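These notes concern the structure reproduced below.
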Amino acid sequence: MIPSDASTTGSAKLAFTYCPHFAKFLLDHHLEEFSQELLRLYRQVDIPMLAFYKDLPPEQLAGILNASSVKLLTAFAENRTSQHIDATLQRWAHDQLGRVGRNQVATRDIALMGYVRKQAFMTFLPRYTVDPVQIIGLIRELDAYTLELANNAFTLYISLLQQKIDEQVHFIRKITDAAPAIIGTYNIHSGQYQFISQGFEMLLGYPRQRVLEEGINFLLTLIHPDDLPSLLAENAQALERTNQVSDGQDETQVLEFKYRMRHQNGPYRWFQTYGTVFDRNPQGRVEHILNISIDITDKMEAEHQVEEKNRRLVQSNASLQEFAYIASHDLKEPLRKISTFGDRLLQSQQGNMNAEGEVYLAKIIDAAQRMHTLIGDILSVSLISSDQTFEKQSLKQILDDVLQALELQMERMQAQVYTDDLPVVPVVASQFRQLFQNLLTNAFKFARTGVPPVVRISHRFLPPGDVQPLGLTAGRPYLELKIADNGIGFDNRYAGKIFAIFQRLHTRKDFEGTGIGLAICRKIVENHGGIITAEGVPDQGATFTIIVPA
C-alpha cells in the first residue's frame, strides 16, 4: 500500500512516493544496523575513499557512519534527496569532505557510492514490506536516486578535472611566457623523456635528441657536482611525500629547485625548475613528472653582486664606526688636557694675569669644552644607524625615565609636561630615550622669558592611505607622535633647516648648544623608518611631528 503521509516536497525528478516512509522506518528501528551494512558493503567493494579512514578507531568510524546515515535517511524521509545530493557535491567542490581531499575522490568512488547505498537499502527491504507494488516502487525510486547521484557527481568530477587542467595550462603558459624555458614529461621509473622542448638547445646548446636517447642520466652529468647531492635528496623527499596519497592531492602542488647546469660551451648556468605530477599509474603512484626550467643566471649574478656590495658596505660601516670612535677618543684627549691645564692655570695664576689675559684663557677653556661636547654629539650621530635592536617598548615608560632625568631642570624652570597614554611599539629604547630628551631639552631651552615651559605629547595611529603622500611605505600601520611647546617658536620658512647638522636659528650668545641635537633626532627617526617635521609660530611655540612604523 502507498503511505498516506508521503511527503512531496522534493524536486519533480526525485519526488518519491515510497522511499520517505521506508527511510523513516530505517531511521527509527535499524539505524545502527544500516550504518554497519554500509561499512560492510564499502569494504566488500573496496571503495578507494575508505583508505583515508583506515587508521580511525572502530568506535570513531562508527560514529562518523551513524552521523552520515542520519543525514541520508532524514533526507529520504523528508523527500529532500535532491537537496542532499546537491549539499554533498557542494562540500566536495569546496574541499570540505574532512579527511578526504577534493582531488582524492576518484571516479571509482563516484560509481560505487550510489551502488553501495542502494544495496544497503535493499538489504532491509524484506523487513519493511512484502507487497510487490511497494517493492517495485521502492526499487524504481532507489534506481532514480542512484542515477541522479551518479549523473550529478560525474558532471562535477568533469568540471573539477577541467578546472585542474586549466590551472596546469595556465601554469605552463605563465612560465613559458616569462622567459625561454626547457619543458620536459619524463618517466620516474625508466628515466626516459617522452618530450623535451626546443628551449633545451637554446639555453644549453645540446641537441634535444640526446636527452630523448639517454634520458635523465645525461642531465645528471650536466648538473654542478656541488648542487647534485642536495637536488637528488630534495627530489626524493618530494616524490616520497607525493606517493603517500592514492590520488590527486599533490598534482596541483608545484615544487621549485635551483641548481647549475653546464652549457655545451663550458660555463655553468643557473636554472630554476618547477616540477609537478603529470600522471599516476592505476595504483595511484606517480608515473610521469612535468618539469619546466628557466635560466636565472643573470638574476643570480645580480643577487650575488648585491650581496657582495652589502658585505662591503657592512665592512665599510664597521670601519667608519671604528674610525669615528677612535678619532673622537683621540680628539677628546688633547681637549681634555687643554681644559684641565687651562683651568689649573686660571686658578693658579689668578691675580698674576691682567684682566684681558684672564678673559682670553677663559675663552680657550670654554672653546675646548664645547669642542669636547661637539665631538661626542658627532659620534652619537655616526653610531645611530648601527643599532637595529628593535623591540616592543612602552613609550610611556621611556618618557617617564627621561622626565626623571630632567627633574631638577624642570623644577628650576617650573616646566610642565603633559602626555596621553603612549603605546607600546617596536623601537630602539636607547635611541627613543635620546629622542625624547633632545626634544624636551630643546623645548625648555627655547622657552619665552618669564613663561614656564609647557609641553604636550600626544599620539594617534594612522591608516595606510595617510602616509603614502609622505613617501612612506603603505600597507603597514604607523604611529604619529606630536610634541608641542609654548616657547619662542620660529618662522616656518626655516622649518626645513632646523634638522640640518650644525644649523642654528639663533646665536650661541642667545642660546647654548652645538646645533646637533635636532639632527640627532632626525637621524633616530629615519633609523626607525619614519620621518620628523616641525612647524612653528613666532612667540607662540613649536610642534614636532614624528611618524614611525608601529
Side-chain angles (χ1 to χ4, degrees), residues 306-307 309-328 373-402 405 422-443 457 459-462 464 466-483 495-503 513-535 542-550:
V306 170
E307 290 174 1
K309 288 180 179 179
N310 287 338
R311 184 185 65 80
R312 292 181 181 178
L313 183 60
V314 170
Q315 289 180 340
S316 176
N317 286 340
S319 299
L320 286 173
Q321 290 166 13
E322 183 179 3
F323 171 77
Y325 180 81
I326 294 173
S328 66
T373 302
L374 183 63
I375 291 171
D377 287 345
I378 293 175
L379 179 61
S380 296
V381 173
S382 68
L383 293 178
I384 285 173
S385 60
S386 65
D387 193 345
Q388 300 290 322
T389 54
F390 295 94
E391 295 179 354
K392 291 279 189 179
Q393 302 285 348
S394 167
L395 295 187
K396 185 178 184 304
Q397 183 60 53
I398 292 175
L399 178 61
D400 288 343
D401 294 343
V402 172
L422 296 180
V424 174
V425 291
V427 297
V428 180
S430 60
Q431 292 182 8
F432 250 73
R433 191 174 293 112
Q434 186 172 15
L435 174 67
F436 281 143
Q437 182 163 328
N438 284 10
L439 290 174
L440 289 174
T441 302
N442 191 76
I457 303 176
H459 84 282
R460 66 175 180 136
F461 291 98
L462 301 177
D466 287 7
V467 301
Q468 207 161 9
L470 303 176
L472 298 174
T473 303
R476 60 184 304 180
Y478 280 84
L479 170 69
E480 178 188 81
L481 292 170
K482 284 190 177 292
I483 296 94
K497 297 177 62 176
I498 63 175
F499 295 106
I501 194 167
F502 302 133
Q503 182 64 53
T514 61
I516 295 181
L518 292 181
I520 291 176
C521 290
R522 183 178 69 176
K523 187 77 171 177
I524 289 172
V525 173
E526 289 177 348
N527 188 51
H528 284 72
I531 60 172
I532 181 171
T533 59
E535 56 182 341
T543 299
F544 291 85
T545 301
I546 298 165
I547 300 176
V548 292

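Just so you know, residue 1 is the first one in the sequence shown, and it goes up from there. Nothing here was measured: the structure is a model prediction, and the numbers come from that model.
Contact between F390 and P426 at its shortest, heavy atoms only, is CD2-O, 4.1 Å. When all heavy atoms are compared, the tightest approach of Q437 to V402 is CA-CG1, 3.7 Å. Shortest non-hydrogen contact noted between P549 and H528 is CD-O, 3.0 Å.
Of the residues N442, L435, I498, the one that meets the side chain to side chain contact (heavy atoms under 4.5 Å, CB included) test with C521 is L435.
Rounding to the nearest 0.5 Å gives a distance of 10.5 Å between CD1 of I398 and CD of Q431. Annotation: the span from K523 atom NZ to I532 atom CD1 amounts to 14.0 Å, rounded to 0.5 Å. The NE2 atom of H459 sits 13.5 Å away from atom CD1 of I546, with the distance rounded to the nearest 0.5 Å.
For Q393, there are no side chain to side chain donor-acceptor pair (under 3.5 Å) partners at least two apart in sequence or on another chain. Under the side chain to side chain contact (heavy atoms under 4.5 Å, CB included) criterion, E526 pairs with R522, not counting sequence neighbours. By the side chain to side chain donor-acceptor pair (under 3.5 Å) test, Q397 is found to be paired with D401, residues two or more places apart in sequence or in another chain being considered. Contacts of L399 classified as side chain to side chain contact (heavy atoms under 4.5 Å, CB included), with partners at least two apart in sequence or in another chain: L403, T419, L422, F436, L440, I457. With sequence neighbours excluded, the residues satisfying side chain to side chain donor-acceptor pair (under 3.5 Å) with T545 are K482.
Using a 4.5 Å heavy-atom cutoff, the side chains of T533 and F544 are not in contact. The shortest side-chain heavy-atom distance between L479 and L395 falls under the 4.5 Å cut-off. Using a 4.5 Å heavy-atom cutoff, the side chains of L439 and L518 are in contact. Put simply, the side chain of F499 does not reach to within 4.5 Å of the side chain of V525, judged on heavy atoms.
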Evaluate the criterion side chain to side chain contact (heavy atoms under 4.5 Å, CB included) for residue pair I547 and L462; output intermediate values, then yes/no.
-> CA-CA 9 Å; I547 300 176; L462 301 177; 3.9 Å; yes
